[in-house]
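Below is one structure; the comments refer to it alone.
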Amino acid sequence: MPSSSARGHLRRVARFGFTARPPYSFALTVRKPAGWHWLTPGEVWDDAAGTLFTGLRLDDGLAVGVKAWGRGTVARPRVVVEAFAARVLTAAERRALKRTLRRALDVDADISGFVRLAARDAVLKRIARPLHGMHEGFGGGLWPLLILAVTLQMAPIKRSMTMLHALLDHYGQRLRFDGRSVRLWPTPARIAAAPLRELKARCKLGYRARVLKAIARQLLAGFPSLEELKRMSPEQATEKLQELYGVGEYSAAMVTPHVSFPLDVWSVQIFARLFGIRIPKDRDPRALIPRVARAAERRWGAWRGLALVYVLNALDQLGEKS
DNA sequence: GCGTCCAGGTCTACC
DNA sequence: GGTAGACCTGGACGC
């Protein structure tokens, strides 16, 4: 009888348990109310079991299926992760996987300062309770974040999702494990090698096809990892990211591992209304970005990045349209 | 059905 | 250094 991996299915190769710093909600962290994915678009959430099936790629290129679920409570939280792969992990891969999951789950972050801020802030206290324990925890790595930032540029969200899913369907990799199927992001090498016209036509990317290929080539030529960007000063990391073709202020703010407050033409209007800043009808809302960003920094300081995530995941409660 | 407009930015040429 | 204009595509809208 053929082994499960011989049929294209991955087998279980590791199991990790993480103790998270409370307050921590696994479900809210990996499955945000606004519908954003944790590691890869189209990951599978089993609502009855509270279990997420998703996947990632290690730095050496090994594809890993990830099954994760929460244990305990928001006040005494734990996360269990099972990893699936086509072969046994080396000790180095095992360590790298654990480190990546730990960072992506955000289990070590202490958000008690944010909880105290949210209790006294007029905007946050309207939304914080149902989101109690939600961490940023947006994973996937530098390249997936760059793909996301580029596909969000100059496009309504529906079109951005069309582009993302087409990229995963045509250039990504499908993983089958534990009876589920998920898609992994395409590699930079795959996008760099794809013919421009084909990439453009298949994924409806328009000018972004050229941008993604340029970024993929820059990454392949050598670029700091998220960990290395984190070790730089926030200014240095932003400057480095903006060396990538097609990455401007907004995209760099989306991708940087430092505290940031990425504002675009849509979100700047939401935060302007929340801060009581008048939006002139005859001016491009983008002109308000520096002013709204300063207001967020004054109001929320180092917690402004998490505050942004909370607000964008609670637009209904705030009377804003998503 | 058809034409027009413009979006959840960024780069480049031009002044 | 500041600022139009171009960039892809497809959904929304007016007719």
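First the proteins, then the strands, lettered A, B, ... as listed; each starts at 1. Only a predicted model underlies this, so the values are computations on that prediction, with no experimental measurement involved.
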Next on the checklist: Looking at A/R159, I'd like to know whether one of its side-chain N or O atoms comes within less than 4.0 Å of OP1 or OP2 on C/dG11.
Outcome noted: no

Checklist entry - Does the side chain of A/K158 get closer than 4.0 angstrom to OP1 or OP2 of C/dG10 through an N or O atom? => result no

Starting at [atom1] of [X] and ending at [atom2] of [N], how long is that distance when rounded to a whole Å?
X      : N      : atom1 : atom2 : answer
A/Y207 : B/dA7  : OH    : P     : 12 Å
A/L164 : B/dG8  : CG    : C1'   : 13 Å
A/M163 : C/dG11 : CE    : C1'   : 12 Å
A/F271 : B/dG8  : CZ    : P     : 16 Å
A/Y250 : B/dC11 : OH    : C1'   : 18 Å
A/Q242 : B/dG9  : CD    : P     : 15 Å
A/M254 : B/dG8  : CE    : P     : 14 Å
A/K204 : C/dG11 : NZ    : P     : 10 Å

Next on the checklist: Is the distance from the ring center of A/W300 to that of A/F275 below 6.0 Å?
Outcome noted: yes

Checklist outcome for this item: Sorted by position of nearest nucleotide on DNA chain B, 5' first, the leading residue of A/S267 and A/G246 is A/S267

Checklist entry - Taking for each residue the nucleotide of DNA chain B with the nearest heavy atom, is it A/W36 or A/V247 whose nucleotide lies nearer the 5' end? => result A/W36

Checklist entry - Would A/E297 and A/R294 pass as an ion pair if we require N to O under 4.0 Å? => result no

Checklist entry - Would you call A/R87 and A/E93 a salt bridge, using N to O less than 4.0 angstrom? => result yes

Checklist entry - Contact class for A/S251 vs. all strands (heavy atom < 4.0 Å): base, sugar-phosphate, or nothing? => result sugar-phosphate

Checklist entry - Heavy atoms under 4.0 Å, any strand shown: does A/L152 hit a base, just sugar-phosphate, or nothing? => result sugar-phosphate

Item to check | Whole-Å P distance, B/dG8 and C/dG2 | outcome: 27 Å

Item to check | Atom P, compared across C/dC8 and B/dA13: separation rounded to whole Å | outcome: 15 Å

Checklist entry - Quick one: which of A/V255, A/V211, A/L219 gives a side-chain contact (heavy atoms from CB on, under 4.5 Å) with A/L244? => result A/L219

Next on the checklist: Tell me which nucleotide, if any, is Watson-Crick or G-U wobble paired with C/dG1 when both distances must be under 3.5 Å.
Outcome noted: B/dC15

Checklist outcome for this item: Across every strand shown, the nucleotide meeting Watson-Crick or G-U wobble geometry with C/dC8 (both distances under 3.5 Å) is none

Next on the checklist: Nearest 0.5 angstrom please: A/W185 CH2 to A/L164 CG, how far?
Outcome noted: 5.0 Å

Checklist entry - Does a distance-only test, which skips hydrogens and angles, find a donor-acceptor pair under 3.5 Å between the side chain of A/R210 and the base of C/dC8? => result no

